Amino acid sequence: MPELPEVETTRRQLAPLLVGRTIVRIEHDGRHRYRDTHLAEGRRVTRLDRRGKYLIAQFEDDPHESLELIVHLGMTGGFRSATGRHTRVTVHLDDGSALYFQDSRRFGKWAVVRTGEYGSMPTLQNIGPEPLSEDFDEEAFVTQALNAPVVKTWLLSQGPVAGLGNIYVDEALWRAGIHPARTRLAPEEARRLYTAIREVLTEAVEAGGSTLADHTYAQPNGESGWFQFRHNVYARKGKACARCGGTIEKIVLGQRGTHFCPECQPHAQPEPGSDAGARARKGRTT
DNA sequence: CCTATTTCCTGGTAGC
DNA sequence: TGCTACCAGGAAATAG
């Protein structure tokens, strides 16, 4: 499913095709998930940004209003250079080219809104700092983590940090040696998690994201990402943990498949002053 | 304010 | 082979 690395890869490939172009027409199949897209017609795109898992195309201001197009890829959404069986939206550009949005499961969502007005999208409205930017402050994260509810659910909310989904949450928690169901992290754990999030996302962006076995995600140029080959827990139930040799387990947490290593992601709260991460870090450096 | 549950949506696949 | 049942899950809506 597209998370920050997949959306960022999409953004980088889409930007040269879209920025500077004027949208002539947007066709879609009439579902409620593509709101007010007609307002984009006749407008020139000045930049393509990303916030968490959201793509945001900014339009050139006109005297009356400033608008932007928000695109969320959902579970299976992605851009292609040609139509396909699951093309849901077609964007016709002024140079005669077109962009095709395919989305087999229809969880993707588009909307044209006034710039910065995200009232209809509460998650975007309340989204946390970009994990790969200076805005992601380690001490602020650590402070919040002291009172965190179930850590996986907390991270998936997009509040403490933007852009994490089911895959990269599981991977980051494994790397930090923290059980997904833990609450109220100790400062040392939260610091490990902060670093793990940045490392996992950085490496995944460099890899062009993850393309899962169902091949639903591809880059706009049609190529697959390859970070799936570096997953340590996601979709690896029953396999050996690369760090300790334990067996990866899968449980359900917050309605989501959750993968972890019970050996090096212990559920017990660390005792005050102890270094619960010793095993995890040792495994990583040897 | 917060947490838990349900809904959306459809292709792929397990099981018979 | 062909059918049914179920699973995947981000975010919003709803309920408590």
Side-chain angles (χ1 to χ4, degrees), chain A residues 1-11 28-36 50-56 70-78 80 83-89 101-111 113 117-128 130-131 144-173 180-184 197 201 204 209-218 224 228 231 233-238 248-260:
Chain A
M1 51 248 56
E3 305 178 25
L4 185 150
E6 292 78 24
V7 179
E8 177 60 20
T9 301
T10 299
R11 189 194 67 77
H28 59 72
D29 59 5
R31 302 300 181 107
H32 58 281
R33 292 184 172 274
Y34 315 117
R35 202 158 44 82
D36 295 331
R50 179 190 55 73
R51 273 296 271 134
K53 304 175 204 170
Y54 295 83
L55 288 168
I56 303 180
I70 316 290
V71 175
H72 193 294
L73 302 180
M75 297 269 310
T76 56
R80 297 290 187 278
T83 51
R85 189 149 69 102
H86 307 299
T87 299
R88 309 299 187 195
V89 184
F101 180 72
Q102 73 146 37
D103 184 15
S104 66
R105 294 183 198 172
R106 293 185 184 276
F107 270 45
K109 207 163 134 182
W110 294 40
V113 301
E117 291 191 7
Y118 305 142
S120 63
M121 310 168 119
T123 302
L124 181 56
Q125 176 98 318
N126 300 314
I127 201 162
E130 280 300 315
Q144 289 183 70
L146 295 176
N147 293 309
V150 173
V151 63
K152 173 163 180 174
T153 310
W154 180 64
L155 293 173
L156 286 176
S157 75
Q158 309 299 302
V161 59
L164 291 173
N166 209 37
I167 296 171
Y168 296 105
V169 162
D170 282 3
E171 294 297 323
L173 288 168
R182 283 288 315 284
T183 61
R184 307 172 72 89
I197 289 167
L201 293 177
S210 303
T211 298
L212 302 185
D214 61 7
H215 292 103
T216 50
Y217 170 75
S224 296
Q228 66 276 14
H231 290 174
V233 282
Y234 187 82
R236 289 181 47 81
K237 174 186 174 185
I248 304 301
E249 280 187 17
K250 181 178 180 184
I251 59 173
V252 175
L253 205 57
Q255 319 296 106
R256 302 236 153 42
T258 298
H259 316 75
F260 68 103

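Below, chain A is the first sequence line, B the second, and so on; all start at residue 1. For clarity, every value in this text was computed on a predicted model and none was experimentally measured.
Remark: A/Arg256 is in phosphate contact with C/dG10, judged by side-chain N or O atoms under 4.0 Å from OP1 or OP2. Taking only side-chain nitrogens and oxygens, A/His86 never comes nearer than 4.0 Å to OP1 or OP2 of B/dT10. Look at A/His32 and you'll find a side-chain N or O under 4.0 angstrom from OP1 or OP2 of B/dC9. Taking side-chain N and O atoms only, A/Tyr234 has a distance below 4.0 Å to OP1 or OP2 of C/dG9. Contact check, A/Lys109 against B/dC8: no side-chain N or O comes under 4.0 Å of OP1 or OP2.
For the pair A/Ile167 CD1 and C/dA8 P, the computed distance is 13 Å after rounding to whole Å. When the C1' atom of C/dA11 is taken as reference, atom CE of A/Met75 falls 11 Å away, rounded to whole Å.
The nearest heavy atom of DNA chain B to A/Arg85 and to A/Gln255 marks one nucleotide each, and the one closer to the 5' end goes with A/Gln255.
Of the listed nucleotides (C/dA12, C/dG9, C/dA11), C/dA11 has the atom at the smallest distance from the side chain of A/Gln158. Taking the side chain of A/Arg33 as heavy atoms from C-beta on, and the options B/dC9, C/dA11, C/dA8, the nearest nucleotide is B/dC9. Of the candidates B/dT3, C/dA11, C/dA12, B/dT3 carries the atom nearest the A/Pro149 side chain, counting heavy atoms from C-beta on.
A/Ile127 and A/Gly52 get closest at one heavy-atom pair: CD1-CA, 4.0 Å.
Contacts of A/Arg106 with the nucleic acid, taken as non-hydrogen atoms under 4.0 Å apart, involve only primed sugar atoms and P, OP1 or OP2. Within 4.0 Å (heavy atoms only), A/Lys250 reaches sugar-phosphate atoms of the nucleic acid but no base atom. Within the 4.0 angstrom heavy-atom criterion, only backbone atoms of the sugar-phosphate kind lie near A/Gly257; the bases stay farther away.
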Checklist entry - How far apart are the C-alpha atoms of A/Arg236 and A/His259, what are their side-chain angles, what is the distance that settles it, and do they pass the side-chain contact (heavy atoms from CB on, under 4.5 Å) test? => result CA-CA 7 Å; A/Arg236 289 181 47 81; A/His259 316 75; over 6 Å; no
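In this structure, CG in A/Asn166 is found 10.5 Å from CD in A/Glu171, a value given to the nearest 0.5 Å.
At a threshold of 4.0 Å, the pair A/Glu3-A/Lys53 does not count as salt-bridged, since none of the basic side-chain nitrogens sits closer than that to a carboxylate oxygen.
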